[in-house]
Amino acid sequence: MVAKRKKKYESGEGSAYMSRRAALKKLQLTLKDFRKLCILKGVYPREPRKRKVAQKGATGIQTLYSKKDILFLAADPILWKMREFKSHFKKVGRARAMNNQDQLRRFLKRHPTLPLDHIVKERYPSFNDALRDLDDCLTLLFLFSTFPSLKAVPRDHSELCQRLTMEFLHVVIAAKALRKVFVSIKGYYFQAELRGETITWIVPHHFSFQPQNKSEVDFKVMSHFVEFYCVMLGFVNFRLYNQLNLYYPPKLTQSTGDDIEKTLVDENAYVSERIASLNVELARSGGNDPIEEEEQQLDQFALSDNPEQMEKMRKDIERSRKVKTLFKGLKIFVNREVPREPIVFCVRALGGEVSWDKTLFVGSTFDEDDESITHQIVDRPSMEKQYISRYYVQPQWIFDSVNAAEVLPIERYLMGAILPPHLSPFLDETRDQRYKPPEELELLGLEVPAQLKKAQETSDGSDEESDAENAEEDKEEEDEEEHSGEESSGDGEGDEEDENIDKEEKERLEKKKKMAVTRGKLEKEDPSLERREAYSEYKLREKMIKNKHRKLYKSMMEGRTKRKKEAWLLRKKRRRVEEEEGAAKKAARKEKKKAAAAMEA
Amino acid sequence: MVVKQTVNIDSCKALTRENMATNRAASKRKLEKVEQNGKNNALTAQNGAEESDEEDYLQTISDVDSSDQEGDQSGSDESEGELENIDEDNTEDSSDADSEEGENESDDGEEEDDSDVEEEDENEEENDSEDKSDLEWESDASSEDDAENLLKNVKKVTKTKVKSQDSTLATESNESASEEHLDPSKSINSKDSKDSNVQGTSKDEYESGDTSDEEDIRNTVGNIPMNWYDEYPHLGYDWDGKPIMKPKTGDTLDFFLKRMEDPNFFRTVKDPQTGQDVVLSDRDVELIKRLQSGQIPDAAFDDTAPWVEYFTSDVMKTPLRKFPEHKRSFLPSKSEAAKVSKYVHALKMGWMKTRSELAEEQRKKREKNFYMLWGADDNSVEEMRRIENHLPAPKRHLPGHAESYNPPAEYLLDKEELRQWKKCQETPWKRKIHFVPQKYKSLREVPSYPRYIRERFLRCLDLYMCPRALKMKLMIEPEDLVPKLPSPRDLQPFPTTMSMVYEGHTDMVRCITVDPKGQFMISGSDDLTIKVWEVSTGRCLRTINVGGVVRSVCWCPNQALSIVAVAADRKLLLINPGVGDSLVIAKTDLLLKEEPEDSSVIPERVKAAVQWEQAKDEEWASGIRVVINHFKEIKQVTWHGRGDYFATVMPEGIHRSVVIHQLSKRRSQVPFSRSKGLVQCVLFHPVQPMLFVATQRNIRVYDLLKQEMVKKLSTLSRWVSSMAIHPGGDNLLVGTYDRKMMWFDLDLSTSPYQTLRLHGTAVRGVAYHKRYPLFASGSDDRSVIVSHGMVYNDLLKNPLIVPLKRLQYHEPNNDFGIFDVIFHPTQPWVFSAGSDKTIRLYS
């Protein structure tokens with residue numbers, strides 16, 4: 001018997017993938033429905049290892065889905081639900097076209113709903129999986145919670161988003177999970193740590209909604225995502241509340257359902273209500289605070305093999321413990337011009353007390369004239385009535401304090417002061433090629449480059465000198481790799497010392513003439529020579545890199561030099577800026593002096 | 001007035017009853033009755049036309065007159081006729097002054113009167129007949145005729161009602177105008193009116209219904225401005241269509257006389273319709289006066305009379321109905337009760353829902369309810385079908401300092417950078433950062449980011465459209481890729497610095513060789529000479545002109561002989577350099593002086609290629625002992641370890657490119673009948689009878705005894721330049737023009753054990769040290785690289801190769817660098833021959 005001939009693309013890579021068109025045909029869906037299904041079920045195209053084979057020899061680039069994924073989609077009952085939707089819309093459309101209002105109303109009343117609970121369970125087998133994937137979810141929901149009623153985003157959509165996000169913020173407050181904050185030009189980045197998972201989300205600045213060009217943004221797609229994310233966040237919230245011994249649907253506002261509709265009309269009132277709710281402790285369902293227990297456990301069981309890792313872990317734990325009670329005992333009053341939501345959230349999440357003007361917004365807990373207020377957050381250059389018992393600081397103080405994990409000294413953040421730069425807390429400290437601005441170095445407790453310090457201390461120092469220094473340093477940085485051509489100054493130093501020795505010897509010789517034994521010369525090791533030697537050795541060793549690693553090594557080194565160059569550029573720019581500033585200051589001072597002299601004259 | 005005229009139904013009934021008693025002939029009252037009936041009708045109409053009411057009404061009507069409704073009707077008819085009469089009378093009365101004209105009219109009126117009388121008679125007859133029928137209807141109202149009649153009557157009644165109403169209205173409006181008019185309300189009760197009725201029906205009726213505009217019309221032109229007729233002699237047309245002529249108007253004198261004489265002149269008014277003068281009555285004058293003074297026109301009207309409320313203005317508890325409600329209107333409806341109970345049951349059973357319940361349900365349906373989706377135990381993962389081989393989406397990059405609202409100054413773009421950024425509008429992926437960093441003085445100044453929604457949207461697109469694949473990410477530093485090798489310090493001794501330069505050649509030095517003891521060195525150069533050097537001093541001992549470019553020199557390894565083989569163009573010269581031990585020198589000379597007898601026949605193929613020749617005298621003096629002429633340029637010469645055989649390579653010699661010579665017998669042989677390529681170099685195995693032949697790409701190993709190929713080593717390079725064999729004989733080093741060096745372990749494989757890319761350019765010479773585990777290579781980049789190449793006796797252990805030192809001292813001269821490298825036989829020193837006309841020693 002002849003063995004059956006193997007056909008092409010019937011096994012392996014060639015049969016593992018399916019183009020989108022084939023998938024549509026298989027599932028009997030329109031592209032629109034398929035898109036929605038993919039979004040809800042979390043199915044995405046795959047990048048095949050051998051594209052040509054996977055596309056069954058077709059040229060060009062197709063969107064390829066794993067065949068198993070498509071079969072997986074086909075098995076889900078949601079597919080039937082979607083077909084139901086289709087027929088429902090057909091009916092509704094017909095009734096509308098026939099102007100059969102009665103029927104239309106009846107159909108609309110029986111609008112089918114998509115059950116998504118099982119999909120959440122399916123996509124996130126464990127709770128931690130869900131937490132891990134919460135970044136996009138939160139960012140999108142926070143965005144949607146600011147939306148007005150759109151065609152693709154009905155009012156109850158954004159209302160639900162508002163509710164869920166608010167609940168989540170409350171969890172973060174209750175769990176004291178906030179770790180880092182960053183005010184970017186795009187929005188506020190918050191980073192929280194829940195059950196060991198780091199979650200980062202963005203809350204946009206005010207008035208984030210702007211009408212978008214249709215070709216730029218498709219709200220329909222986003223609303224599909226939001227549909228799923230709402231369900232997901234709801235379950236996550238439920239679980240988190242449960243864990244913290246809190247009642248789940250928390251009573252966030254005093255108003256009932258009817259009032260919500262009323263307040264929705266007045267957006268501002270609604271927002272202020274929301275913020276006010278952040279200031280309220282949630283009802284606990286009994287039992288003590290589980291966070292504290294967790295903490296104790298961590299202290300006992302923090303073990304690891306790698307000492308470096310261990311050290312890092314220890315540091316992290318230390319930091320988070322510090323952050324948790326950062327604002328404890330502080331009473332902070334927020335002035336009315338300050339964006340309240342992030343401030344209130346930060347302060348409350350880190351154990352502080354916060355309030356605001358009672359007459360302007362609801363929910364303030366104490367008044368401005370309260371003597372026990374320690375800090376007042378102001379965002380204006382000056383204020384008429386000030387209390388002596390408190391500090392007036394700018395809002396950046398809060399955020400920088402959170403990132404530094406300590407209550408920073410307020411000197412640089414006082415009212416009307418020019419703020420120090422606000423730095424991102426998310427950058428990896430271990431990467432060495434990255435440019436670190438001097439402020440960051442200072443924060444890390446590292447030494448700040450000398451010329452910068454000088455510039456900071458005395459702006460009218462000898463600029464030329466520092467210039468020369470800078471130039472030298474620049475050169476060194478640039479030519480770090482080119483040692484070979486360069487004769488270092490080390491030799492000169494050695495010579496000098498030699499000379500000294502010679503002198504001594506001469507003196508001695510004068511004292512004791514005709515000695516047979518001459519003193520041996522001390523051979524000094526030239527450090528630069530040694531370095532060069534080592535470098536050339538390394539260069540030779542570099543040639544021994546295995547063939548298969550050669551390109552990788554090359555590209556890595558290229559990347560490194562590129563990063564170095566970028567860092568160098570930034571450093572140079574910084575120096576220039578500082579020089580300019582110094583010059584301006586100097587000129588100003590000179591002018592002042594001149595003016596003073598003129599006055600005297 | 002209307003209020004006053006409306007009379008309570010009961011009183012009406014009383015009246016009608018009274019009337020019933022009165023004689024039918026008492027026609028004086030008829031008018032009143034008619035009026036009252038009409039009023040009743042109006043009332044009933046107001047009360048609403050319920051069936052029962054209507055019946056009642058009919059009854060009352062039937063009750064009202066002995067002559068029934070017919071009577072009423074006739075009465076009304078009469079009244080109509082009479083009214084007209086009244087009109088005429090009225091006019092007659094009123095127009096006493098213009099009696100001249102009234103004749104015609106009165107005639108007409110009489111005629112009309114007559115017709116009216118006839119009508120009356122007819123009516124009366126009818127009434128009589130209908131009286132009977134009415135009686136019958138009263139007794140038995142079911143007969144059809146009667147019903148028909150009734151209907152007719154009703155119709156008539158309604159007609160009359162309307163008419164009578166009209167007439168009453170007319171009276172009302174005009175009552176004040178006519179002097180003789182009596183208030184109807186009064187007339188109802190007043191006996192005067194009765195009296196007057198008694199006196200003459202026609203007169204009375206005139207009084208009551210006079211001066212309606214319709215009745216009074218004698219001129220038919222209608223309501224037009226009368227000045228249209230100014231030009232005509234007539235004023236309009238009367239009912240017969242005859243023109244009404246304008247009355248004669250007297251001149252001013254007449255007018256004046258009239259004014260003077262007529263006592264009634266002030267009350268004379270001209271009727272524009274007829275053009276007649278009308279004298280107003282006293283009452284009229286009085287009325288006008290009252291009107292002018294703004295008083296109520298009717299002097300008799302008492303505006304302070306107490307208000308009589310016939311109907312209360314309050315809402316009454318019981319409707320204004322004279323019969324009681326039916327019982328069923330007080331009892332709950334049974335059918336409704338059944339329906340209600342049905343609904344209640346449905347509600348109880350939950351089949352039906354109230355609106356609020358439905359709304360609640362709808363709300364609940366819309367509202368998501370959440371529950372404990374994941375079990376309390378975190379690790380337990382429920383078994384369910386999941387997406388296969390799931391690749392979670394990578395997280396977004398976290399922002400750097402540049403994205404801050406208040407970044408350090410160096411992150412802000414300057415003008416040039418901003419220009420660059422803007423230039424990449426079409427190709428945004430080329431930008432270093434996707435946004436323009438901004439600096440704001442305070443937090444409240446930060447606006448919303450305009451591309452925020454777009455960015456989120458793109459992220460969504462990435463999540464569902466971007467193909468995902470697992471990519472390995474290297475978490476290593478580049479230094480980790482560099483192999484860990486022992487430090488060169490531990491591998492000493494090896495040459496580290498240049499210690500000697502041998503200068504003297506006037507052109508590139510192509511080749512060098514060291515004597516077996518390591519005392520002397522011979523170099524061959526492009527200046528057609530070879531030089532003999534003392535290694536330790538760097539002194540040139542001898543210079544021998546060989547008359548050709550020296551491509552290769554090789555010292556005979558046999559220490560008993562002092563012979564150097566020199567390849568100069570097409571000649572191979574065996575030279576006795578005359579340095580070293582004089583005994584050896586003498587012995588060598590002796591040996592080479594005589595040609596050994598050669599009995600064997602040299603094949604033609606070899607003969608044509610190689611001829612041995614004894615050196616001539618002048619050559620002998622310069623040290624040349626034997627000359628072997630080749631038919632092509634010799635590129636390389638190499639000795640066998642014993643020092644008897646040596647091989648030459650002529651790359652252009654095609655099949656005869658390799659020739660092996662035997663010194664003792666002065667004989668040559670061509671070992672290969674066919675060449676396998678362009679032969680580059682050959683090499684004898686140090687111990688075994690084997691020959692390595694390197695063509696451009698491969699190296700073939702031949703067993704000289706068996707005369708067969710043992711191995712073929714593939715170099716995987718383009719062009720082999722040189723080769724060296726390890727003194728142990730198991731490892732081979734090959735240098736190539738394509739910058740590589742290959743270390744072959746002959747026991748291991750036919751492919752290179754290691755390929756070294758130590759040089760940047762073509763490698764021209766490689767060499768092993770005889771004693772130390774060192775090898776060196778020289779290349780066109782003017783550098784010699786000395787490496788550690790340890791070969792272990794243990795077969796399982798691979799050779800250790802460590803590059804040790806790069807020695808770059810040669811000066812650049814044309815494109816070449818180093819042509820040859822060679823180790824000192826005993827010391828860890830290395831020589832290199834460079835294109836800069838020098839030879840250098842490194843120690």
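Below, all heavy atoms of this structure are taken into account, side chains as well, without hydrogens, waters or symmetry copies. By convention in this document, chain letters (A, B, ...) are assigned in the order of the sequence lines, proteins followed by strands, and residues within each chain are numbered from 1. Just so it is clear, the model here is predicted, and its values are computed rather than measured.
Between the side chain of A:R239 and the backbone N or O of B:M372 there is no donor-acceptor pair closer than 3.5 Å. The main-chain N or O of B:L412 is found under 3.5 Å from a side-chain atom of A:K573 such that the two form a donor-acceptor pair. A distance-only check finds no donor-acceptor pair linking the side chain of B:R757 to the backbone of A:K543 [under 3.5 Å]. The main-chain N or O of A:R123 is never found under 3.5 Å from a side-chain atom of B:R386 such that the two would form a donor-acceptor pair. Between the side chain of B:S404 and the backbone N or O of A:H422 there is at least one donor-acceptor pair closer than 3.5 Å. With B:W374 contributing its side chain and A:Y124 its backbone, the two residues share a donor-acceptor pair below 3.5 Å.
For A:F182, the part sitting under 4.5 Å from any heavy atom of chain B is the side chain, from C-beta outward, and nothing else. Residue contact with chain B, scored on non-hydrogen atoms closer than 4.5 Å, is absent for A:S536. Using a 4.5 Å cut-off between heavy atoms, A:P204 touches chain B through backbone and side chain atoms alike. Only the side chain of A:F225 comes within contact range of chain B, with at least one heavy atom under 4.5 Å from a heavy atom of that chain. Interface residue A:D117: backbone and side-chain heavy atoms are both found under 4.5 Å from chain B. Contacts of B:D414 with chain A are made by both backbone and side-chain atoms, with heavy-atom separations under 4.5 Å. Of the atoms belonging to A:D218, heavy atoms from both backbone and side chain fall under 4.5 Å from chain B. Both the backbone and the side chain of B:I476 come within contact range of chain A, with heavy atoms under 4.5 Å apart. Contacts of A:H206 with chain B are made by backbone atoms alone, with heavy-atom separations under 4.5 Å and no side-chain atom involved. Neither the backbone nor the side chain of A:I61 comes within contact range of chain B, judged by heavy atoms closer than 4.5 Å. For chain A, the nearby part of B:K441 is the backbone; its heavy atoms alone come within less than 4.5 Å. For A:E533, the part lying near chain B is the side chain, with the backbone staying farther off; criterion is any non-hydrogen pair under 4.5 Å. Looking at B:P407, the atoms closer than 4.5 Å to chain A (heavy atoms on both sides) all sit in the backbone: N, CA, C or O. Heavy atoms closer than 4.5 Å to chain A are found in both the backbone and the side chain of B:P450. Proximity to chain B (any heavy atom under 4.5 Å) is shown, for A:F144, by neither the backbone nor the side chain. Contact annotation for A:E122: both backbone and side-chain heavy atoms come within less than 4.5 Å of a heavy atom of chain B. Neither the backbone nor the side chain of A:L64 comes within contact range of chain B, judged by heavy atoms closer than 4.5 Å. Residue A:K554 does not touch chain B at all, counting heavy-atom pairs closer than 4.5 Å. Contacts between B:H397 and chain A at a heavy-atom distance below 4.5 Å are absent for every atom of the residue. For A:V217, the parts lying under 4.5 angstrom from a heavy atom of chain B are both the backbone and the side chain.
Qualifying ring pair (Phe, Tyr, Trp, His ring centres under 6.0 Å) partners for B:Y371, counting only residues two or more places apart in sequence or in other chains: A:F235.
Note on residues 458-472 of chain B: pairs passing salt bridge (charged side-chain N to carboxylate O under 4.0 Å, His left out), not counting sequence neighbours, are A:D136-B:R459.
A:H205 and B:Y449 have their aromatic ring centers separated by at least 6.0 angstrom.
Of all the listed residues (B:Q438, B:E445, B:R451, B:E417), the one sharing the greatest number of non-hydrogen pairs under 4.5 Å with chain A is B:E417. Of the listed residues (A:R550, A:K546, A:H224), the greatest number of heavy-atom pairs within a distance under 4.5 Å of chain B belongs to A:R550. Chain A forms more heavy-atom pairs under 4.5 Å with one residue of B:D480, B:L756, B:L485 than with any other, namely B:L485.
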Next item on the list: Could you please spell out the steps behind the side-chain contact (heavy atoms from CB on, under 4.5 Å) verdict for B:E410 and A:K572?
Entry: CA-CA 9 Å; B:E410 61 267 37; A:K572 200 172 123 193; over 6 Å; no

Next item on the list: Let me see the working for A:Y44 and B:H390 under ring-ring contact (aromatic ring centres under 6.0 Å, His included), right down to the final yes or no.
Entry: CA-CA 10 Å; A:Y44 40 84; B:H390 175 57; 5.7 Å; yes

Notebook entry, point to check: So A:Q210 and B:Y452, side-chain hydrogen bond (donor to acceptor under 3.5 Å, both in side chains) or not? Walk me through it.
Noted result: CA-CA 10 Å; A:Q210 281 147 347; B:Y452 189 75; over 6 Å; no

Next item on the list: Give the intermediate values and the outcome of side-chain contact (heavy atoms from CB on, under 4.5 Å) for residues A:T139 and B:R456.
Entry: CA-CA 8 Å; A:T139 305; B:R456 297 277 75 73; 3.4 Å; yes

Checklist line | Steps toward side-chain contact (heavy atoms from CB on, under 4.5 Å) verdict (A:M556, B:L481) | finding: CA-CA 10 Å; A:M556 279 165 110; B:L481 292 172; 3.9 Å; yes

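Minimum interatomic distance between B:G400 and A:L427 (heavy atoms only, all atoms of both residues): CA-CD2, 4.0 Å. When every heavy atom of A:F426 is checked against every heavy atom of B:P399, the shortest pair comes out as CD1-CD, 3.6 Å. Here the closest heavy-atom approach between residue A:P420 and residue B:N406 is recorded as O-ND2, 3.0 Å. Annotation for A:Y538 and B:E479: closest pair OH-CG, 3.8 Å, computed over non-hydrogen atoms.
We find that A:R560 and B:E477 are joined by a salt bridge, their nearest charged nitrogen and carboxylate oxygen being less than 4.0 Å apart.
One finds the CD1 atom of B:I387 at 4.0 Å from the CG atom of A:D69 (value rounded to the nearest 0.5 Å). Rounding to the nearest 0.5 Å places CE of A:M232 at 11.0 Å from CG of B:L373. One finds the CG atom of B:L458 at 8.5 Å from the CD atom of A:E216 (value rounded to the nearest 0.5 Å). Distance check, rounded to the nearest 0.5 Å: OG of B:S442 to CG of A:L419 gives 8.0 Å. With rounding to the nearest 0.5 angstrom, the CG atom of B:L391 is 10.0 Å from the OG atom of A:S66. To the nearest 0.5 Å, atom NZ of residue A:K186 and atom OG of residue B:S448 are 13.5 Å apart.
The environment of B:K432 atom NZ is sparse: at most 12 non-hydrogen atoms of other residues, nucleotides or ligands sit within 6.0 angstrom. Around the NZ atom of B:K415, the shell of radius 6.0 Å holds no more than 12 heavy atoms that belong to other residues, nucleotides or ligands. Within 6.0 Å of the CZ atom in B:R385, the count of heavy atoms belonging to other residues, nucleotides or ligands exceeds 12. Atom CZ of A:R380 has more than 12 neighbouring heavy atoms from other residues, nucleotides or ligands inside a 6.0 Å radius. Heavy atoms from other residues, nucleotides or ligands lying under 6.0 Å from NZ of A:K68 number 12 at most. Surrounding CZ of A:R336 are at most 12 heavy atoms belonging to other residues, nucleotides or ligands under 6.0 Å away.
Classified by interplanar angle (parallel below 30°, tilted 30° to 60°, perpendicular above 60°), the ring pair A:Y248/B:F370 is perpendicular.
The closest side-chain donor-acceptor pair between B:H401 and A:E439, if any, does not fall under 3.5 angstrom.
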